[in-house]
Every structure is written in structure tokens, then in C-alpha cells.
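Reviewing the structure listed below.
All ligand and atom numbering here is 1-based and tracks the order in the structure.
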Amino acid sequence: MQSALAVLLCLSTILFVRAAQRVDLPTIPLSPNDASQILDRSLASLSIEFSYLPSFGGNASDPNTLTQELMQRLVERTGVGPDIRPGGITVDSTQFSPNASALELDESSSGGIWKTTYGPAYYESLAVFPNSSKIVIDVNLGNNTVQFARDEIQAAVKYVGWDRIRALELGNEPDHFAGGSRPSTWASSDYTAQFLGWTSVLSRNLSLPKDIFQSGSFAEDPTSQAPMTTVSTIEEGIDTTGVIKIFSQHTYQYSTCDPARDAIATLPNLINHQNITAYLDLWKPQIAAARSAGKEFVVGEYSSVSCSGKQNVTDTFGQALWLADTVLYGASLNISRMYLHQGATLVLQSNQQANSPGFSWYDLWYPVETDRYGAPRASPSFVAYLLITEAVGSSGESQISLIPAPSPQLAVYAIWDQSVLSRIAVLNLGIRNVTASDEEKEATTVSLDLSEYVREGSNVTVKRMTAPGLDSKDSSAVTWAGQSYADGIASGDEVVETLHGGLLTVQGSEGVLVRL
Ligand SMILES: *[C@@H]1O[C@H](CO)[C@@H](O)[C@H](O)[C@H]1NC(C)=O
Ligand SMILES: *[C@@H]1O[C@H](CO)[C@@H](O)[C@H](O)[C@H]1NC(C)=O
Ligand SMILES: *[C@@H]1O[C@H](CO)[C@@H](O)[C@H](O)[C@H]1NC(C)=O
Ligand SMILES: *[C@@H]1O[C@H](CO)[C@@H](O)[C@H](O)[C@H]1NC(C)=O
Ligand SMILES: *[C@@H]1O[C@H](CO)[C@@H](O)[C@H](O)[C@H]1NC(C)=O
Ligand SMILES: *[C@@H]1O[C@H](CO)[C@@H](O)[C@H](O)[C@H]1NC(C)=O
Ligand SMILES: *[C@@H]1O[C@H](CO)[C@@H](O)[C@H](O)[C@H]1NC(C)=O
Ligand SMILES: *[C@@H]1O[C@H](CO)[C@@H](O)[C@H](O)[C@H]1NC(C)=O
Ligand SMILES: *[C@@H]1O[C@H](CO)[C@@H](O)[C@H](O)[C@H]1NC(C)=O
Ligand SMILES: *[C@@H]1O[C@H](CO)[C@@H](O)[C@H](O)[C@H]1NC(C)=O
């Protein structure tokens with residue numbers, strides 16, 4: 001059986017090698033000249049909608065084993081767990097009560113969450129995440145009551161502990177507060193003033209460590225129309241009291257919040273290297289501003305399509321390719337960590353959105369059984385976090401650069417580990433759908449000559465992230481190094497190829513990681 005599979009693999013590889021389009025790369029420097037900062041091993045992190053954390057984590061008597069397994073797959077690759085940020089729109093209507101049970105939701109008739117009350121048992125949900133995972137504590141700013149934030153931070157310090165807390169964050173997307181929890185005139189300077197006032201009161205009242213706050217978490221893309229950004233708040237003096245550790249903004253490239261944006265949230269638009277890089281390039285001034293202030297810049301919440309994703313788009317293998325390119329490119333721009341949002345449709349997100357209640361179509365995994373998604377399982381995009389974490393590696397001394405490729409849909413990233421060129425990630429974003437004909441498959445297959453990076457006597461290996469097609473929705477058919485991860489555990493025989501002769505072949509809608 002295994003040898004038959006090997007023969008098949010060989011045959012298909014030969015077929016595509018013959019037909020593949022040869023792409024010549026510019027020379028990749030053997031040392032990291034002008035590469036990124038040292039990559040944080042928690043680059044690929046997670047944000048989980050506050051009121052759904054118990055669905056993802058479970059509790060002490062009933063921990064979510066799928067979540068536990070999936071997190072271990074990441075720890076195995078980098079040596080640390082991803083950061084976890086229980087946050088999102090629901091945080092701005094939360095209240096901690098020492099007498100409450102884990103989670104008490106006040107919901108509208110259509111399932112919108114209007115208020116979340118939580119008690120000490122809420123934190124049991126964090127126990128399934130690795131002990132090495134840092135937690136971002138997001139607290140209620142929306143209610144405009146500093147006592148709520150104070151009680152929530154105090155509870156987090158008590159039940160999570162400083163050894164696990166990455167940072168404290170006030171509210172979620174405060175640039176969307178105008179006309180809601182704040183007057184319609186609510187502007188950047190109002191946010192900055194409130195941030196300074198609250199952080200000063202909270203720091204004093206709770207004797208907080210010096211620089212512990214993550215500011216921002218703005219929703220809007222930082223165009224000239226953005227109501228508030230890292231740049232505007234720094235200009236207003238937000239970093240003058242020394243409480244800020246990290247600046248955060250959110251990125252959602254597409255949206256189903258309204259029909260006009262829903263119409264362009266298609267797989268061909270998403271899975272496009274030019275679109276992905278042009279979008280993240282908008283954040284360059286924000287990253288630069290944070291870094292000149294000596295602080296980290298993170299994308300504290302992100303996914304491809306806001307308002308909870310889109311069926312047949314963000315629940316496909318295409319989302320894995322989008323994720324891999326987005327996170328590796330973000331890392332090359334010196335974004336320290338990116339927190340992929342695990343959400344649920346909240347009804348109150350927009351009054352003309354396309355989605356109804358349920359877990360989001362973009363979630364990396366579905367932690368519990370639901371009518372919409374069926375059994376708990378990893379989604380077809382989970383493998384992207386395996387590719388990314390293996391690209392980052394476990395040394396804590398790797399750096400990355402995008403290598404310009406002559407083919408527009410080919411994304412090539414070089415990774416130097418301890419200043420030595422060590423890995424190359426190649427993402428072929430050419431579209432190969434499940435129904436593609438052999439001609440279409442051939443037309444999107446590329447081959448790259450990597451022989452000049454193959455050291456004498458070294459064993460260059462290749463792991464492949466692949467699926468029957470871009471639009472594939474079956475997690476058990478989506479593989480990383482030949483194995484699928486639907487139940488969080490590697491299934492099938494591992495396939496690690498050896499790069500003979502230095503020639504690498506990559507099909508359309510496929511990603512590979514080459515280890516030199
Ligand atoms: C990222 O940071 C490194 C040093 O930490 C710097 O050399 C590089 O120019 C920065 N890259 C960008 C795109 O700013
Ligand atoms: C733990 O979670 C299970 C499953 O959701 C639930 O039935 C049980 O009541 C919870 N236990 C506690 C102590 O909250
Ligand atoms: C919690 O319960 C205790 C005693 O049952 C009560 O004194 C206290 O006021 C309650 N606290 C809150 C925040 O409801
Ligand atoms: C975290 O550490 C505690 C105490 O050492 C241990 O009981 C628990 O199993 C660990 N959790 C994980 C997810 O490794
Ligand atoms: C603040 O919380 C209180 C108590 O839950 C609620 O009545 C009030 O409407 C909230 N205000 C805002 C602005 O969210
Ligand atoms: C902090 O605030 C709480 C509640 O508002 C108050 O009871 C307490 O005395 C304050 N502590 C300090 C040290 O300011
Ligand atoms: C995405 O890229 C394609 C091809 O470059 C372009 O036609 C399209 O307008 C882009 N879509 C968006 C929404 O930027
Ligand atoms: C998604 O595809 C399925 C068939 O695979 C179809 O039944 C469903 O209507 C599609 N949904 C949308 C929103 O296009
Ligand atoms: C691939 O499938 C997507 C989604 O169904 C569709 O939008 C796209 O046009 C198809 N592309 C090709 C090249 O067949
Ligand atoms: C190369 O490495 C792979 C994966 O570690 C291993 O399976 C294979 O046997 C090695 N090949 C040689 C020739 O050393």
C-alpha cells in the first residue's frame with residue numbers, strides 16, 4: 001500500500017515536473033541582510049471571542065480535548081504555545097462577578113449577546129491551553145465604567161497570574177464606539193485621553209507592572225479616513241506615561257458585513273499574493289511608529305473576512321493559503337504576533353450582514369458539535385498554522401524575508417536561523433480547484449531550482465501543505481507532510497520528500513517548506 005502510494009506520488013511529480021513552468025529566483029543571501037526582526041515563536045497566535053472561550057476551552061471537569069491536541073501540535077513545533085486573547089466585541093459588555101458561574105449570557109431573541117457576566121470558573125477554560133501560552137487580558141472599556149475594568153483585571157491577576165499574562169488591553173475596536181457607547185463626536189484624542197486617565201488610575205489602584213498595556217485594537221484599516229490609529233494616538237501623547245508595552249491594530253481584508261463587500265469576498269480575490277501584500281503594506285507606518293517608540297506592534301485580531309467569514313470561501317483550504325501568506329508576510333514587516341480570531345456570528349455586528357448565529361466560517365477549528373458544522377474538528381485551514389510554526393522553528397533566533405519572485409502568484413520566504421539560511425517557504429497561490437483539469441493543473445504548477453542552496457552532503461527535505469483543491473472543504477483530505485489533522489492528531493503516514501537535484505515542484509494552491 002505504502003509503495004503503491006510512493007509510485008503514484010512519483011508519477012504525478014514526474015508528470016508535473018515535465019509540464020511545470022520554470023521560475024528563476026533572485027539569489028537568496030546566505031546571511032539575513034535587512035531581514036525581519038527575530039521572529040517571536042508565538043507569531044501565529046489566537047484571539048477567541050470572549051463569550052465563546054468556554055466553548056473552545058471547556059472547563060476543569062470537561063476540558064476540550066480537540067483544542068488541547070491542536071495546541072500541542074503548535075507547541076511541538078516552536079516549543080511554546082500560541083498567545084491566547086479572549087477578546088472581541090463581546091468584551092465591551094462583560095462584567096466579572098465573584099459569585100457568577102463561568103458564563104452567564106443575556107441574549108436577544110435572535111441570539112445576539114447583549115451582556116456577559118462571568119465568574120472565577122471562566123478561567124478554567126484557559127487550562128487546556130499550553131502553560132507556555134501567554135494570555136492577553138482584554139477588559140470592558142465600552143461600558144465607560146472604570147470599576148468594571150478594575151474588577152476584571154483584578155480577577156485576571158488572581159486567576160491567570162502574572163507569569164501567564166502578556167498584556168492588559170482596554171476594550172475592543174474603540175474606533176467603532178462613536179454613536180454607540182460614546183457620543184458621535186468620539187475621536188482619537190478622546191480615546192487617548194481616556195486611555196491615559198484609566199491606565200493611570202488602574203496602575204495605581206492595582207499596583208500594576210510598569211509597561212503592561214496593549215493599546216489600540218482599532219478595527220479600521222489605517223487609511224486617511226481611519227478615525228484613530230497607532231500613529232494618531234502616539235501624536236496625541238498616548239505613550240508619554242510609560243504604561244504601554246504593545247501597540248495593536250486589527251486586520252480584516254474582506255468582509256461580509258454589507259452586500260458590496262460581500263460580493264468581492266471571493267476565493268480568487270482572497271488567494272492573491274498581490275492583494276495580500278498590498279493590504280498589509282497599509283500598516284507599515286503603524287508598525288514603524290510603534291517600533292520607533294521602542295514597542296512591539298501586533299495584529300491583535302485578524303482573519304480574512306470580517307462579520308464571521310463566508311461559507312465556501314473561508315471554510316476552504318484557500319483560507320490556509322491566505323493565512324500562510326498573510327502571517328509570513330506580516331512577520332517580514334516586523335509584526336511581532338498575529339492573533340487569528342476564533343469567533344461566532346453575533347448578530348449585532350451589523351444590521352445588513354450576510355451571516356446568522358453560529359461559529360464563524362473562518363474558525364481554525366470547530367470545538368464542539370453544532371448544527372451548522374457537525375462534529376468537532378479542525379477546519380481545512382489548520383494546516384497553515386503547522387507550516388507557519390515550522391517555518392518559525394523553535395530556536396527563538398530566526399528571521400524572515402520575502403524573496404521577490406518573477407511569478408506574481410508565487411510567494412517565496414527565506415528563513416535564517418541563527419543567521420544561517422535554513423528554510424525556504426514557497427506558496428503557490430495559482431488557483432487549482434478541486435475540479436481542475438490536467439491542463440489547468442499543469443498551467444499552475446511551477447518548478448524552482450534550489451540547487452545552489454543545497455550544501456554538500458546535506459539532506460534537503462520538503463514538507464507539503466496540500467489538498468485536492470483550493471476550494472476543498474474536507475479537513476481529512478487536507479494534509480501537511482502527507483498527514484491530516486481533523487481530530488487534532490496526525491492521521492496517515494508522514495511524507496517527507498528529499499529534494500533530489502535541487503529541483504522543487506509546487507502545484508497551484510499548494511505550499512511547501514524546504515529545510516536546507
Ligand atoms: C525589521 O526590523 C529589522 C531589525 O530589527 C530591520 O533591520 C528591518 O529593516 C525592519 N524591517 C522593516 C520592513 O521595517
Ligand atoms: C463543564 O462543562 C460541561 C460541558 O459544557 C458542563 O456540563 C458542566 O456543567 C461544566 N461544569 C462546571 C463546573 O461548570
Ligand atoms: C457575592 O455573594 C456574597 C455573599 O453571598 C455577597 O455578600 C456579595 O455582595 C456578592 N457579591 C456580588 C458582587 O454580587
Ligand atoms: C500546566 O501545568 C500544570 C501544573 O504543573 C499541569 O497540571 C497541567 O497539566 C499543565 N497544562 C498543560 C496544558 O500542559
Ligand atoms: C453598562 O452596564 C450596565 C450594567 O450592565 C448597563 O445597564 C448599561 O447599559 C451599560 N452601558 C453601556 C454604555 O454599555
Ligand atoms: C482600588 O479601588 C477599589 C475599588 O474601587 C477600592 O476599594 C480600593 O481602596 C482601591 N485601592 C487602592 C490602593 O487605591
Ligand atoms: C485582487 O486582485 C485581483 C487581481 O490582481 C484584482 O483584480 C482585484 O481587484 C483584487 N481585489 C481586491 C478586492 O482588491
Ligand atoms: C456552499 O456550497 C454548497 C455546496 O457545496 C451549497 O449548498 C451552498 O449553498 C453554498 N453556500 C453559499 C453561501 O454559496
Ligand atoms: C475556482 O473555484 C472558485 C470558487 O468556486 C471560483 O470562484 C473560481 O472561479 C474557480 N477558478 C477556476 C480557475 O476554476
Ligand atoms: C533525509 O531526511 C528525512 C527526514 O528526516 C529522512 O526520512 C531520510 O531518510 C533522510 N535521507 C537521507 C538520505 O539521509
Does the ring center of [X] lie less than 6.0 Å from the ring center of [Y]?
X: Y279; Y: Y254; result: no
X: F129; Y: F56; result: no
X: Y366; Y: W361; result: no

Item checked: Which atom of P120 lies closest to which atom of S97, heavy atoms considered ->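 Scanning both residues completely, I find the closest heavy atoms to be CD-O, 3.9 Å.
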Margin query: Would you say N144 and Q194 are linked by a side-chain donor-acceptor pair, where the criterion is simply a distance under 3.5 Å?
Written below: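 On atom types as modelled, these side chains qualify, holding a pair under 3.5 Å.
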Margin query: Checking side-chain polar atoms at under 3.5 Å, does E152 have a donor or acceptor matched by the opposite partner on T94?
Written below: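 Note: E152 and T94 side chains meet the donor-acceptor criterion.
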Nearest protein heavy atom to [atom], by residue and atom, and its distance?
atom: atom 13 (C) of ligand 9; result: I431 CG2, 3.9 Å
atom: atom 5 (O) of ligand 9; result: D471 OD2, 4.4 Å
atom: atom 11 (N) of ligand 9; result: N433 ND2, 2.9 Å
atom: atom 4 (C) of ligand 9; result: L267 CD1, 4.1 Å
atom: atom 12 (C) of ligand 6; result: N205 ND2, 3.3 Å
atom: atom 9 (O) of ligand 2; result: N59 ND2, 4.7 Å

Next item on the list: Any atoms of ligand 6 less than 4.0 Å from a non-hydrogen atom of Q147? List them with their elements.
Entry: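 Numbered from 1, ligand 6 contributes 4 (C), 5 (O).
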Next item on the list: Under 4.0 Å, heavy atoms only, figure out whether ligand 2 is touched by the backbone of S101, its side chain, both or neither.
Entry: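 Under 4.0 Å from ligand 2, S101 contributes no heavy atoms.
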Next item on the list: Consider ligand 2: state whether an atom of it lies below 4.0 angstrom from any non-hydrogen atom of A121.
Entry: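 Contact absent.
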Next item on the list: Give the contacting part of R204 toward ligand 6: side chain, backbone, both or neither, where contact means a heavy-atom distance below 4.0 Å.
Entry: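 No part of R204 is near ligand 6 at this cut-off.
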Note to self: Under a 4.0 angstrom heavy-atom cut-off, which atoms of ligand 2 come close to S61?
What the structure shows: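 Counting from 1, the qualifying ligand atoms are 1 (C), 11 (N).
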Next item on the list: Can you sort out which atoms of ligand 2 are near D62, meaning under 4.0 Å from one of its heavy atoms?
Entry: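 Those atoms are 2 (O), 3 (C), 4 (C).
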Check: Rounded to the nearest 0.5 Å, how far does OG1 of T117 lie from CD of Q95?
Finding: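 Between Q95 CD and T117 OG1, I get 6.0 Å after rounding to 0.5 Å.
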Notebook entry, point to check: Which value, rounded to the nearest 0.5 Å, describes the distance between L340 atom CG and S303 atom OG?
Noted result: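 Output value for this atom pair is 5.0 Å.
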Notebook entry, point to check: Within a distance of under 4.0 Å, is there any protein heavy atom near atom 7 (O) of ligand 6?
Noted result: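 Protein heavy atom within 4.0 Å of atom 7 (O) of ligand 6: absent.
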Checklist line | Pairing of K295 and D239 as salt bridge, 4.0 angstrom limit | finding: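 Salt bridge between K295 and D239, a charged N being under 4.0 Å from a carboxylate O: yes.
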Item checked: P268, portion touching ligand 9 at heavy-atom distance under 4.0 Å ->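 Within the 4.0 Å criterion, P268 contacts ligand 9 through side-chain atoms alone.
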